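Read through the structure below, which is laid out as structure tokens, and then see the notes.
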Amino acid sequence: MSNDTVLKMRTRAREMLASGEVTQVLAWEAGEFPNYPAPAFFKDENACGRILYDRFCTANLSKFMIEASRNEGKTLVFLRPCDAYSLTQLIKENQVNREKAYIIGVGCEGCVTVYEGEECGLLESCLVCIKTDYPIYDELIGTENNPRTATTGTERFEGVTRVEETDASARYGFWQTQLSRCIRCNACRNICPTCHCKVCMLDKESLTNPPNPLENKFFHVIRAYHQNGRCTDCGQCARVCPQGIPLQLLNRKLIKAYKPVEVQP
């Protein structure tokens, strides 16, 4: 992302805070470690100089708007196309109040995966991204310099197809191996924009603590079905999984098998 885009984001944030149009700004800032930017709220125009935006800004900001829209005042939020689709779904589900959000779409060149602080290429979800438009926004910044074009969409189902083409025993073995690595840290659930139940049915006291392997497998299958027709394929669940479980395959299996709900403003 160009320095010009970042400067425009900071300037616009300062202007809107100073004018009182918004009471806070949701963006990214430098994290605790290099190449790991973190979501942050800015309530002081002087702090907006910390706003950054680059290909390491992998966090989807839309989920943070759930709590933000419950507070007094309006929040300025910067969103990429994939983030905007997630926020649109949250608005449809009455989790975010559209009147409490001022949305600025920012150009996206794709985000990179990082291992031990080093760049390791584009995120898998960016490699097969089909979202280059903004289903919802109030203004745009830096989109004219966006060189990305949408893929045909078939690439993101290649992994699903490979698993489908194996026999039942092999498919069972594949998922047994993948899901057995789950440590039930709930990172996938906590990062998912459309996983917003205040009380999760899979956290009931009747479950063993820590959950046994069978419970872990049920957790992922049930969660995938709960997301059916709601998942925007942002890839955040797979990105944050510390065990490297390809959770997007479960979601995409259902997206492929069933017509997803259209994500419209």
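Predicted, not measured: the structure shown is a model, and the values here were computed from it.
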Salt bridge (charged side-chain N to carboxylate O under 4.0 Å, His left out) evaluation trace for R171 with E164: CA-CA 7 Å; R171 291 197 299 275; E164 288 176 337; over 6 Å; no

Do [X] and [Y] make a side-chain contact, defined as non-hydrogen atoms from C-beta onward lying under 4.5 Å apart?
{"X": "R12", "Y": "I104", "answer": "yes"}
{"X": "R189", "Y": "C200", "answer": "yes"}
{"X": "Q95", "Y": "M65", "answer": "no"}
{"X": "D233", "Y": "N251", "answer": "no"}
{"X": "W175", "Y": "L250", "answer": "yes"}
{"X": "Y36", "Y": "C57", "answer": "no"}
{"X": "Y137", "Y": "V106", "answer": "no"}
{"X": "V112", "Y": "F56", "answer": "yes"}

Where do [X] and [Y] come nearest, in terms of heavy atoms and distance?
{"X": "G159", "Y": "L249", "answer": "C-CD2, 3.6 Å"}
{"X": "C195", "Y": "K63", "answer": "O-NZ, 2.9 Å"}
{"X": "G142", "Y": "T5", "answer": "CA-OG1, 3.7 Å"}
{"X": "V22", "Y": "L17", "answer": "O-CD2, 3.8 Å"}
{"X": "R98", "Y": "A101", "answer": "NH1-O, 2.8 Å"}
{"X": "Q248", "Y": "A238", "answer": "OE1-CB, 2.9 Å"}

Within the side chain of [X], is there an N or O that forms a donor-acceptor pair under 3.5 Å with the backbone of [Y]?
{"X": "T166", "Y": "V163", "value": "yes"}
{"X": "Q24", "Y": "F42", "value": "no"}
{"X": "D167", "Y": "A170", "value": "yes"}
{"X": "R181", "Y": "Q243", "value": "yes"}
{"X": "R184", "Y": "N216", "value": "no"}
{"X": "R80", "Y": "C108", "value": "no"}
{"X": "S19", "Y": "E21", "value": "yes"}

State plainly whether one hydrophobic cluster holds both [X] and [Y], where clusters connect Ile, Leu, Val, Met, Phe, Trp and Tyr through side-chain heavy atoms under 4.5 angstrom apart.
{"X": "L61", "Y": "I136", "value": "yes"}
{"X": "I191", "Y": "F219", "value": "no"}
{"X": "L87", "Y": "I66", "value": "yes"}
{"X": "L140", "Y": "Y102", "value": "yes"}

Parallel, tilted or perpendicular: ring planes of F64 versus F41, cut at 30 and 60 degrees: perpendicular

N-O pairing of E124 and R156 below 4.0 Å: no

Name of the residue among Q227, K92, Q89 meeting side chain to side chain donor-acceptor pair (under 3.5 Å) with T194: Q227

Between [atom1] of [X] and [atom2] of [Y], what distance do you get to the nearest 0.5 Å?
{"X": "L179", "Y": "Q176", "atom1": "CG", "atom2": "CD", "result": "8.0 Å"}
{"X": "I103", "Y": "Y134", "atom1": "CD1", "atom2": "OH", "result": "12.5 Å"}
{"X": "T88", "Y": "L79", "atom1": "OG1", "atom2": "CG", "result": "8.5 Å"}
{"X": "Y53", "Y": "W28", "atom1": "OH", "atom2": "CH2", "result": "5.5 Å"}
{"X": "E15", "Y": "L76", "atom1": "CD", "atom2": "CG", "result": "10.5 Å"}
{"X": "M16", "Y": "D138", "atom1": "CE", "atom2": "CG", "result": "7.5 Å"}

Just checking, is any N or O donor in the side chain of [X] or [Y] under 3.5 Å from an acceptor N or O on the other one?
{"X": "Q178", "Y": "H220", "result": "no"}
{"X": "R230", "Y": "N228", "result": "no"}
{"X": "N60", "Y": "S86", "result": "yes"}
{"X": "K74", "Y": "S69", "result": "no"}

Step-by-step side-chain contact (heavy atoms from CB on, under 4.5 Å) determination, L127 to E155: CA-CA 9 Å; L127 287 171; E155 296 93 334; over 6 Å; no

Side chain to side chain contact (heavy atoms under 4.5 Å, CB included) partners of L123, counting only residues at least two apart: T58, C111, T113, S125, C126, R239

Candidate pair T161 and K256, rule side-chain hydrogen bond (donor to acceptor under 3.5 Å, both in side chains), full reasoning: CA-CA 10 Å; T161 301; K256 181 183 177 185; 3.1 Å; yes

Do other residues, nucleotides or ligands put more than 12 heavy atoms under 6.0 Å from [X] [atom1]?
{"X": "E72", "atom1": "CD", "result": "no"}
{"X": "F218", "atom1": "CZ", "result": "no"}
{"X": "K253", "atom1": "NZ", "result": "no"}

Aromatic F157 / basic R252 pairing, under 6.0 angstrom, 45° off normal: no

